[in-house]
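Here the structure is laid out as structure tokens; the discussion comes afterwards.
This structure is a prediction, so every number in the text was calculated from the model and none was measured.
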Amino acid sequence: VNIEAIQQVVKITYHYYNFMTEILKRRGIGKIRYNNSVDENSVTITIISVAGNIDTNTLHDSIYHELEHMYQLQKRGKSFIDNEDDIYYYAHNLMHSLPQNSLGYMIAACLYLSETFEQDAYVNGMYGAVMNRVKNFWDIMKDFKQTSAYNALKNFEQYFDIFQKYKEETMQTLEQYFGEYNITYDNMISYFESRLKRFKTKIGKVIMKMQEDYKEKNKDRTKLPPKVSFI
């Protein structure tokens, strides 16, 4: 994110979760509702730690993600959500009221992940997190898989496959939770397919940018690896 473009003091509020052991973290992490949000001059993030040791990778990811949203707000000069009837607003809140293994949650999550400003914020968080911790060129392809963007992409792909496998159940759930928006199953699948493709493309482009930026940053002290092409 272009921090200089914001040119203001940013208030950061955080929700802190500390697990005594890594085992307890793995057991309880899925029950945490991440309270990450942003408005024109403040950011709210969720911080995770084990025995008092903060997961700095997740912290960097979250901060860069939300600062990208702040920059988007500054550019647009308005909130993302114009009114409470907006489907993105509705889907975002529905995610916090349904079990994560329910079809209603999955549809809402895919609507959330389909928004261009969310995808852009995810990849910005990925860039910031990876470039802050990467130690060598070859770590980039490994470390990006530890980011929120990669996890979001994997969830998007998994949910999309479930919608196609369980068409009838998905149609019923779509009518139950999104009937007022008149979204047909076919339109939903087509929309998610195009949004999923965009998300994959954005992540691929940012991976290549990280590789180029890493080589540029370290050109005077490291031997450059061979150029790698990605489809």
Side-chain angles (χ1 to χ4, degrees), residues 1 10-15 17 29-48 58-59 61-126 147-160 162-163 170 173-185 187-196 198-199 202-203:
V1 64
V10 177
K11 177 183 177 182
I12 297 181
T13 303
Y14 61 88
H15 300 270
Y17 295 89
I29 196 72
K31 299 178 182 179
I32 291 177
R33 293 292 185 180
Y34 285 83
N35 299 297
N36 295 345
S37 61
V38 65
D39 58 26
E40 288 83 357
N41 53 24
S42 66
V43 171
T44 301
I45 60 174
T46 300
I47 298 176
I48 306 296
T58 302
L59 179 61
D61 201 328
S62 298
I63 290 175
Y64 274 88
H65 182 117
E66 299 306 330
L67 285 177
E68 174 66 18
H69 278 327
M70 181 173 285
Y71 181 48
Q72 292 165 339
L73 283 171
Q74 294 286 346
K75 289 178 65 178
R76 295 185 181 202
K78 61 179 181 179
S79 172
F80 295 137
I81 309 305
D82 292 329
N83 58 69
E84 294 186 358
D85 294 327
D86 188 282
I87 192 170
Y88 168 76
Y89 179 93
Y90 172 69
H92 184 267
N93 283 278
L94 190 62
M95 289 171 62
H96 290 80
S97 64
L98 295 175
Q100 294 185 12
N101 61 350
S102 66
L103 280 171
Y105 174 91
M106 295 178 192
I107 294 173
C110 288
L111 285 168
Y112 167 80
L113 293 172
S114 292
E115 290 291 343
T116 58
F117 50 78
E118 286 299 341
Q119 292 184 1
D120 293 349
Y122 268 111
V123 297
N124 190 72
M126 181 182 78
T147 65
S148 297
Y150 179 79
N151 290 333
L153 176 63
K154 292 289 99 179
N155 286 337
F156 202 159
E157 290 177 325
Q158 179 185 1
Y159 298 160
F160 185 73
I162 290 173
F163 300 152
T170 300
T173 304
L174 187 63
E175 177 60 29
Q176 178 183 357
Y177 291 107
F178 297 92
E180 63 181 286
Y181 294 100
N182 298 315
I183 306 173
T184 68
Y185 172 84
N187 286 342
M188 183 192 77
I189 291 297
S190 177
Y191 176 67
F192 286 163
E193 187 174 28
S194 66
R195 296 289 89 185
L196 185 56
R198 181 189 187 275
F199 201 9
K202 290 286 292 187
I203 287 178

With a 4.5 Å cut-off on side-chain heavy atoms, are [Y] and [X] touching?
{"X": "Leu103", "Y": "Gln176", "result": "no"}
{"X": "Leu153", "Y": "Leu196", "result": "yes"}
{"X": "Phe156", "Y": "Ser114", "result": "yes"}
{"X": "Leu98", "Y": "Met106", "result": "no"}
{"X": "Leu94", "Y": "Ser97", "result": "yes"}

Working to the nearest 0.5 angstrom, can you tell me the gap between [X] [atom1] and [Y] [atom2]?
{"X": "Thr184", "Y": "Glu175", "atom1": "OG1", "atom2": "CD", "result": "11.5 Å"}
{"X": "Ile107", "Y": "Tyr185", "atom1": "CD1", "atom2": "OH", "result": "9.5 Å"}
{"X": "Asn124", "Y": "Lys202", "atom1": "CG", "atom2": "NZ", "result": "9.0 Å"}
{"X": "Tyr112", "Y": "His92", "atom1": "OH", "atom2": "NE2", "result": "5.0 Å"}
{"X": "Cys110", "Y": "Glu157", "atom1": "SG", "atom2": "CD", "result": "10.5 Å"}

Distance flag, aromatic centroids of Tyr90 and Tyr177, threshold under 6.0 Å: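 No, they do not, as the ring centres are separated by 6.0 Å or more.
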Check: Phe192 ring centre within less than 6.0 Å of Tyr159 ring centre: no
By side chain to side chain donor-acceptor pair (under 3.5 Å) - contacts of Ser190 (at least two apart):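 Residues passing side chain to side chain donor-acceptor pair (under 3.5 Å) with Ser190: none at all.
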Ring pair (Phe, Tyr, Trp, His ring centres under 6.0 Å) partners of Tyr150, counting only residues at least two apart: Phe144
Results of ring pair (Phe, Tyr, Trp, His ring centres under 6.0 Å) for Phe160 - residues two or more places apart only: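 None.
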Tyr122 (side chain) donor-acceptor with Leu113 (main chain) under 3.5 angstrom: no
Short side-chain to backbone donor-acceptor contact, Gln119 and Arg195, under 3.5 Å: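 Here the side-chain-to-backbone pair exists.
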Can you name the closest pair of heavy atoms from [X] and [Y] and give their distance?
{"X": "Phe163", "Y": "Ile189", "answer": "CB-CD1, 3.9 Å"}
{"X": "Ile203", "Y": "Met126", "answer": "O-CE, 3.9 Å"}
{"X": "Ala108", "Y": "Ala91", "answer": "CB-O, 3.5 Å"}
{"X": "Ser102", "Y": "Pro99", "answer": "OG-O, 2.7 Å"}

Worked verdict on Ile87 versus Ile183 for side-chain contact (heavy atoms from CB on, under 4.5 Å): CA-CA 11 Å; Ile87 192 170; Ile183 306 173; 3.4 Å; yes
Intermediate values then yes/no, side-chain contact (heavy atoms from CB on, under 4.5 Å), Glu118 and Tyr88: CA-CA 11 Å; Glu118 286 299 341; Tyr88 168 76; 2.5 Å; yes
